[in-house]
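Each ligand, and each atom within it, is numbered from 1 in the order the structure gives.
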Amino acid sequence: MFLAIPLVSLAAQSAARTAPTPIGAYDVVPELPGMGRPVDIAATAARRRALLQRIGRGAALIPAAHERNIERDYVQDNDFRQDNTFYYFTELETQDAWLLLTARGPDSLETVLFLPPRTPSQERWTGLRLGPDSVAVRLSGITTVLPLDSLDSRLLRIRVAGARGGPVYVPLGPATREERRISDLAFSGGGADVRNLLPIVDSMRVVKDADEIARLRRAVNISVAGHIAAMRVARPGMYEYELEATLEDGFRRNGADRLGYPSIVGSGPNSTTLHYDVNRRRTENGDLVVIDAAAEWGQYTADVTRTFPVNGKFSPRQKAIYDLVLGAQQAAFDAIRPGITMRELDGVARAYMRAHSGTLCGERTCDDREYFNHGLGHPIGMDVHDVGFTRPLEPGMVVTLEPGIYLQAEKLGVRIEDDVLVTAKGGEWLSDAAPRTTEAIERVMSHR
Ligand code: GLY
Ligand code: MN
Ligand code: MN
C-alpha cells in the first residue's frame, strides 16, 4: 500500500527528469510567486464566524508573528513561522499584521486586516510582501484591509469606550508578551474589559475542519515518504545523521515547509532515549533504529515513528518486542470511538501489553513504567503536541498512538507512532502507508 505514495527514490534523485511529482508541490499565488499559498477563504471565514458565536459581543485583536532575529536567536530552521492563532483565522503567512474582529451582535461581525505598507527597497532583500491593497483582499477574502498605521486610532477608541464597548479578547501568552498594543490594552486600557482569547481559540482548534484535515493528511504523506526513504538506505555502519539526511531530504523534496520537530534518529542504545536528537552515533549490525520525525506542511505537522533493524532483518527477540508494541497499538486503535479519552486508550494499550508480555520483560510485565515510560499519545495539529489532550475524542480530532518498550540493559528500544483521524465509527489510520509490521518493514528494506 505504501507504494501508492509518490516516493522520491534515490534513483529518481539522480535522474531528476523521471522524478514523480512531489507530494507537496508548491501552490502558488500569482501575485506572490513562490511565497504565498492560497487561503481557504470559506474555512477561515467560518472560523471567524465560530469565534463570533463564542464571544457574542466584543472584539478580538490578534497579532501576526514577526520575523525573528536570526543572529540573536540562533534559530534552527527558518526565521519566520506564523503565529498559530493568527493563522487559524487568516491562513496568511504575512508578518507584522494584525486582525481586529468586532462583534456587535449575533449576525454582525466586522473583520479588519491591518498590514504594513510594502517597501520596494526592503523587498529587494525579503522578496515580495503582502501590502494593504487589492491583492491582500483577494488572497485573504477579507474585504477591509487597512494600513497598519490606522490600527492605533481604532485601539484608542476601544480604550476610550472602556467596558461599555464589551470585552476585548487578546491572546495572552508567551508569543504576545512583548506586544506593546496588547500590553497597553491589558494594563493601561482605561477600564477596557480585556480577556484572554487563547482558551477560546484553543478549544476551537481541537476538532479539525476539512481544510485542517487535508493539511494534516499532506503533512503525514510527506512524512511517510521520508521514513520510507530512510528505511531504504539504512545499512549497518551508517551514521545516524546520514539516515537523518535522507529522511529530511525526503520531507523537503516532497514539499515540506519545515520539520514538525527536531528529528529523532536513535540507534542501538540511543533507541531507548525518548527524545534523543543528537544523531551522531555510528550504527552497528544488529541495532534497532528508532526514527521519530515528521514534516510540517501548511502550518500543520504530522508525528510519526518507525523502528527498524539497521541490517534489514529483525532478530527473534527484536520481533517479539516489536510485535507486542504493535499489538498494543492495534488494541488502542480498535478501542477508538467518540467519547473515549486518551487516558482510557493508554489503559487499553497497557492492558494489552500486560496480558501478552509473558516473560519478555523479565519479572515485570512490559507495560511497567520502567519500560513503557511515556503516554500513549496526544492530539496533533498546528503544534505537534496540540491542544485538547484531556477532551474526550470527537470525530475530526487527530491524535497519535505511540506505545513503546525501552529495555536499556539490552540497548533495545521500540516505538511505533501513527496518526489517527477520529471518525464517527472509530479511527482512520493516516500514516499506515509507512510499513508497520515487521514483515512489511523487512520487505521494504529488502528492496535496497
Ligand atoms: N515526536 C514527539 C512525540 O512523539 O511526542
Ligand atoms: Mn507523539
Ligand atoms: Mn513522535
Subject >> Lys/Arg cation over aromatic Trp297: Arg37, 6.0 Å, 45° cone >> reply: yes
Original post:
Does at least one non-hydrogen atom of Arg415 fall below 4.0 angstrom from an atom of ligand 1?
Top reply: no
**OP:** Look at the rings of His356 and Tyr352 and say which category their plane angle falls in: under 30° parallel, 30 to 60° tilted, over 60° perpendicular.
**Re:** parallel
**OP:** Answer yes or no for Asp292: is there a heavy-atom contact with ligand 1 below 4.0 Å?
**Re:** yes
**OP:** Indicate the ring-plane relationship of His385 and His275, choosing parallel, tilted or perpendicular according to the 30° and 60° boundaries.
**Re:** parallel
Original post:
Between Asp386 and Lys208, is there a salt bridge with N-O shorter than 4.0 Å?
Top reply: yes
Original post:
Has His378 got an N/O/S atom less than 2.8 Å from the Mn ion (ligand 2)?
Top reply: yes
Original post:
Among protein heavy atoms, which lies nearest atom 5 (O) of ligand 1, and at what distance?
Top reply: His385 NE2, 2.6 Å
Subject >> Sub-4.0 Å heavy-atom approach of His374 to ligand 1 >> reply: no
Subject >> Heteroatom of Asp303 nearest to the Mn ion (ligand 3) (N, O or S, atom name) >> reply: OD1
**OP:** Answer yes or no on whether Arg218 is positioned over the face of Tyr300, meaning its NZ or CZ is under 6.0 Å from the six-membered ring centre and within 45° of the axis.
**Re:** no
Original post:
Does Lys319 come within less than 4.0 Å of Glu439, counting only side-chain N to carboxylate O?
Top reply: yes
Subject >> Glu296/Arg81 salt bridge by N-O under 4.0 Å criterion >> reply: yes
**OP:** Report the name of the N/O/S atom of Glu417 located nearest to the Mn ion (ligand 3).
**Re:** OE1
Subject >> Distance filter under 4.0 Å to His275 heavy atoms, resulting ligand 1 atoms >> reply: 2 (C)
**OP:** Using a strict 4.0 Å threshold on nitrogen-to-oxygen distance, state whether Asp418 and Arg306 make a salt bridge.
**Re:** yes
**OP:** Under 4.0 Å from a heavy atom of Tyr261: give me the atoms of ligand 1 that qualify, with their elements.
**Re:** 1 (N)
**OP:** Note the single closest protein heavy atom to atom 4 (O) of ligand 1, along with its residue, its atom name and the distance in Å.
**Re:** Glu402 OE1, 3.0 Å
Original post:
Under a 4.0 Å heavy-atom limit, does Asp303 contact ligand 1 with its side chain, its backbone, both, or neither?
Top reply: side chain
Original post:
Can you list the steps and then say if Asp257 with Arg215 is a salt bridge (Lys or Arg N to Asp or Glu O under 4.0 Å)?
Top reply: CA-CA 12 Å; Asp257 291 330; Arg215 286 164 189 268; over 6 Å; no
**OP:** Measure from the Mn ion (ligand 3) to each N, O or S atom of Glu402 and report whether any distance is below 2.8 Å.
**Re:** no
Original post:
For ligand 1, which atoms have a heavy atom of Glu417 less than 4.0 angstrom away?
Top reply: 4 (O)
